[in-house]
**Student:** 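Once you've had a glance at the structure underneath, I'll fire off some questions.
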Amino acid sequence: MLRMSSLFLRTLRDDPSDATVASHKLLVRAGYVRPIAAGIFSWLPLGVIALRNVERVIREEMDRAGFQEVHFPALLPKDPYEKTNRWEEYGPALFRLQDRKGSDYLLGPTHEEMFTLMVKGEYSSYKDLPLTIYQIQTKYRDEARPRSGIIRGREFVMKDSYSFDLDDAGLETSYLKHRDAYISTFNRLGMKFNIVSAMSGAMGGSKSEEFLAPCSTGEDTYVLCPKCGYAANVEAMITKVETRDFGNPAAMEILDTPNTPTIESLVEVMNSKYNAGITAADTLKNVLLMADGKPISVLVPGDREVDLKRVEANLAGVKELRLFEDEDFAKRPELVKGYVGPQDAKKFGLKLYADPRIQVGSHWITGANQKNKHMRYVTHGRDFEVDGFIEAAEVREGDSCPSCATPVVIDRAIEIGHIFQLGRKYAEALDLTVLDKEGKARVVTMGSYGIGVSRAVAAIAEQSHDEIGLIWPEEIAPAKVHIVATGKDDEPFAVAEKIALELERKGISVMFDDRRDSSPGVKFKDAELIGNPYIIIVGKGLQEGKVEFRVRKTGEKSELPIGEIVAHVMKITG
RNA sequence: CGGGGCGUAGCGUAGUGGCUAGCGCGCCUGCUUUGGGAGCAGGAGACCGUGGGUUCGAAUCCCUCCGCCCCGACCA
């Protein structure tokens, strides 16, 4: 039983000044966590209980699925990460350190290498597969900018699992098993979530889905189809293009368009000077980018911006992508800023990538590669060819769902889980093979599955709170029932204690506010702030032999005879 | 890393060149109070982020460094 009279807890009346999101404010105010450094927190007793509860649910679901728990060090030698090239690739986000001998170490940001090596060390036969193992571990990433309190920290608790299979079919099965386990996990955690298709990002690999907890303060943007349920991270959203017959456009024609370096000014001149009756969507925007030091041009309709994240996610193998800057233009005088067109790309030795909306046969008004001049009827397939189609344009609310063409909605969310089919990248790099039936060595294929554990605590807080405090789901709350005794006589405290003990005997966790020197107001405020799902108040109702029962989430109140309260709680908590 | 903001007691803050750095919450002591962050009285707690400079005098002005937050770049 958590007794408030001795609980190591101090709630705060004011929000901490440096917190902006609800989870951060409330977790600090209610005494769950305390800040230590940017993106680094200490957990107080209530926080530890909530965190352990999340871990417990995850463990139970992992174990139920037949996965086995292991544990790695957080402090790791450099060598395995050199073999997979991540010592370099991970860049400045990797916490690096040296021991007294000057050997390089790192604080694990993720443990693919260690899992792979562990399996390599123990197993060598196809008969040992499939296998899925997991750990719950503190991870370290030196984020460029930690933010939003617990949501994006530099130290955080993560559950990560890895599956090992002989072939792709096995991987698919392991993947789906994990997917199911995640669905039950997040359901038990009382979270609202969407499963969206995603890019696998820096880890490499192919098929990938994210579990997103919708929430206005989330930092991920995703699209959702209200009709068919299609959901995707904006980076992974597939453009739906209706095929059209563009007829036979006239030959390219060069036009004088003075002072039209922007789409807006171009549309204005085209309409006033040439009476063209066009909109920005009829123009072709040529956005010049530097991809790993090489210039490329990305084509999107003039009414859309290029989404660099989408481009990067869809351009295989590119590590660094940035917009052209003035000095880049200075080095390539043939590329006239504001007047670039695709028709001379071959001559300029420029790679062209087109958004799917730039269909073959479509014709456009675009730059003439001369200052103050544009061209029209510039036709894809006739006047220029592209090196490939990529998802490049920004996604907008109302864009067509790729599977059913319904206008999609856009929402924000916190990423709480990510599952993906890693494939053989790490197994190859670290030479993880098993012998197959024929006695031949085969590289194992892997899946990788993560849940942000500490982040989930914050995400739940984000999704479930009100103006006065936290509202925990039963599985996560520090206690299921919060009992408040009020008054200066001993009686309410004795009655409350009796109820508390009886509930505990029945397996219901209890937080008991047995403080004799606090006023009722303080106790009520604290109970609401701390956010346990049910509150029992033992006080003035005693005269009629009653106690008050409240549901934190709904605010619903009822008076019950003392003798019935335990049964009532048992009924409600199921 | 670029842009912006901010560092005064455990928390929230006032103080922009001049007396002993003020207030609220919290904390301690006593009395009163006990169904919505109680009242009265007394008290403890601050090298005003750090180092340097300007000045008769610096929390206050200038510079350095450190730290924190926000936007962006980046990232589960």
Side-chain angles (χ1 to χ4, degrees), chain A residues 9-21 24-25 28-29 31 34-40 90-94 109-112 139-149 151-154 156-160 198-203 208 210-213 218-220 233 235 308-309 312-313 319-323 325 413-420 448-456 458-459 468-469 484-493 513 515-529 535 537-543 547-548 550 557 559:
Chain A
L9 169 73
R10 185 109 299 148
T11 58
L12 305 177
R13 196 181 289 234
D14 300 305
D15 286 334
S17 63
D18 56 4
T20 52
V21 300
H24 188 187
K25 289 179 188 169
V28 170
R29 269 192 64 203
R34 290 289 180 255
I36 294 299
I40 302 177
Y90 224 96
L94 195 61
T110 172
H111 284 72
E112 280 81 358
K139 309 272 184 178
Y140 297 87
R141 293 184 196 173
D142 194 0
E143 293 285 342
R145 186 154 90 82
R147 71 185 91 173
S148 307
I151 295 172
R152 171 168 299 282
R154 294 191 294 171
F156 55 97
V157 179
M158 183 173 172
K159 188 287 304 175
D160 55 332
M199 310 300 294
S200 38
M203 311 294 170
S208 165
E210 285 169 357
F211 287 71
L212 299 184
E219 47 185 359
D220 278 46
N233 192 302
E235 290 157 43
L308 277 182
K309 282 186 172 180
E312 196 164 11
K319 289 199 188 78
E320 198 209 338
L321 193 70
R322 62 172 176 83
L323 286 167
E325 288 162 10
I414 300 169
E415 182 183 350
I416 45 170
H418 196 163
I419 55 178
F420 58 96
S448 159
Y449 318 90
I451 293 179
V453 180
S454 43
R455 175 181 282 187
I468 57 176
V484 174
T486 67
K488 57 178 172 179
D489 302 325
D490 292 340
E491 195 197 357
F493 290 86
D513 197 339
R515 292 175 293 179
R516 299 299 293 252
D517 49 358
S518 300
S519 69
V522 169
K523 296 181 181 181
F524 295 149
K525 292 283 187 214
D526 276 348
E528 286 149 354
L529 180 61
I535 302 170
I537 300 159
V538 184
K540 64 179 186 186
L542 280 185
Q543 286 146 22
V547 295
E548 184 176 330
R550 293 187 190 174
K557 302 176 183 179
E559 296 269 335

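Everything numeric here is computed off the predicted structure, so don't read it as measured data. Below, chains carry the letters A, B, ... as their sequence lines are ordered, and counting in each starts from 1.
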**Student:** Can you tell me how far P in C47(B) sits from the matching atom in G12(B), rounded to whole Å?
**Tutor:** 16 Å
**Student:** Indicate for each nucleotide in nucleotides 31-46 of chain B, in 5' to 3' sequence, whether protein heavy atoms under 4.0 Å reach the base (B), only the sugar-phosphate (S), or nothing (-).
**Tutor:** ---BBBBS--------
**Student:** How many Å lie between OH on Tyr90(A) and P on C74(B), as a whole number?
**Tutor:** 16 Å
**Student:** Return the nucleotide paired to G30(B): Watson-Crick means purine N1 to pyrimidine N3 with N6-O4 or O6-N4, wobble means G-U with N1-O2 and O6-N3, both under 3.5 Å.
**Tutor:** C40(B)
**Student:** Taking atom types as they are modelled, is there a donor-acceptor pair under 3.5 Å from the base of C75(B) to the side chain of Arg152(A)?
**Tutor:** yes
**Student:** Whole-Å distance between C11(B) P and Asp18(A) CG?
**Tutor:** 10 Å
**Student:** Does the distance from a Lys or Arg side-chain N to an Asp or Glu carboxylate O, for Arg550(A) and Glu548(A), drop under 4.0 Å?
**Tutor:** yes
**Student:** Suppose you measure atom P in U32(B) against the same atom in U13(B); what distance do you get, rounded to whole Å?
**Tutor:** 37 Å
**Student:** Kindly point out which of C27(B), G12(B), C75(B) is positioned nearest to the side chain of Ser17(A)?
**Tutor:** G12(B)
**Student:** In whole angstrom, what separates Ile151(A)'s CD1 from C75(B)'s C1'?
**Tutor:** 14 Å
**Student:** Could you check which nucleotide pairs with G67(B) in any of the strands shown, counting Watson-Crick or G-U wobble with both distances under 3.5 Å?
**Tutor:** C6(B)
**Student:** Taking the P atom of each, how far is A9(B) from A59(B), in whole Å?
**Tutor:** 15 Å
**Student:** So, does Arg145(A) get its side chain near the phosphate of C70(B), meaning an N or O under 4.0 Å from OP1 or OP2?
**Tutor:** yes
**Student:** Please measure how far the C1' atom in G52(B) lies from the corresponding atom in G15(B), and state the result in whole Å.
**Tutor:** 25 Å
**Student:** Using atom CD1 of Ile40(A) as one end and atom C1' of C69(B) as the other, report the distance to the nearest whole Å.
**Tutor:** 15 Å
**Student:** Paired with U60(B): which nucleotide, if any, by Watson-Crick or G-U wobble criteria at under 3.5 Å for both distances?
**Tutor:** none
**Student:** For the pair made of NZ in Lys25(A) and C1' in C69(B), what is the distance, rounded to whole Å?
**Tutor:** 13 Å
**Student:** Measuring only the C1' atom in each nucleotide, how far is C11(B) from G7(B)? A whole number of Å is fine.
**Tutor:** 15 Å
**Student:** Can you check the Asp14(A) CG to C23(B) P distance for me, whole Å?
**Tutor:** 17 Å
**Student:** Mind checking the C1' distance from G45(B) to C25(B)? Whole angstroms is fine.
**Tutor:** 14 Å
**Student:** Side chain of Ala38(A) only, heavy atoms from C-beta on: which candidate in C69(B), C71(B), C27(B) is closest?
**Tutor:** C69(B)
**Student:** So, for Arg516(A) and Lys488(A), which heavy atoms are closest and what is the spacing to 0.1 Å?
**Tutor:** NH2-O, 3.3 Å
**Student:** Suppose you measure atom P in C6(B) against the same atom in G42(B); what distance do you get, rounded to whole Å?
**Tutor:** 37 Å
**Student:** Do we see a donor-acceptor contact under 3.5 Å between the side chains of Glu210(A) and Ser208(A)?
**Tutor:** no
**Student:** Can you tell me how far OG1 of Thr110(A) sits from NZ of Lys139(A), rounded to the nearest 0.5 angstrom?
**Tutor:** 5.0 Å
**Student:** Name the pairing partner of C1(B), where a pair is Watson-Crick or G-U wobble with both distances under 3.5 Å, or state none.
**Tutor:** G72(B)
**Student:** Atom CD1 of Ile36(A) to atom C1' of C68(B): distance rounded to whole Å?
**Tutor:** 13 Å
**Student:** Could you tell me the separation between the CD atom of Glu491(A) and the CD atom of Gln543(A), rounded to the nearest 0.5 Å?
**Tutor:** 9.0 Å
**Student:** Suppose we define a pair by two distances each less than 3.5 Å, Watson-Crick or G-U wobble; what does G22(B) pair with here?
**Tutor:** U13(B)
**Student:** Under 4.0 Å between a side-chain nitrogen and a carboxylate oxygen: does that hold for Lys25(A) and Asp14(A)?
**Tutor:** no
**Student:** Please state how far atom CZ in Arg147(A) lies from atom P in A73(B), giving the value in whole angstrom units.
**Tutor:** 9 Å
**Student:** Provide the distance between the two P atoms, one in A14(B) and one in U8(B), to the nearest whole Å.
**Tutor:** 11 Å
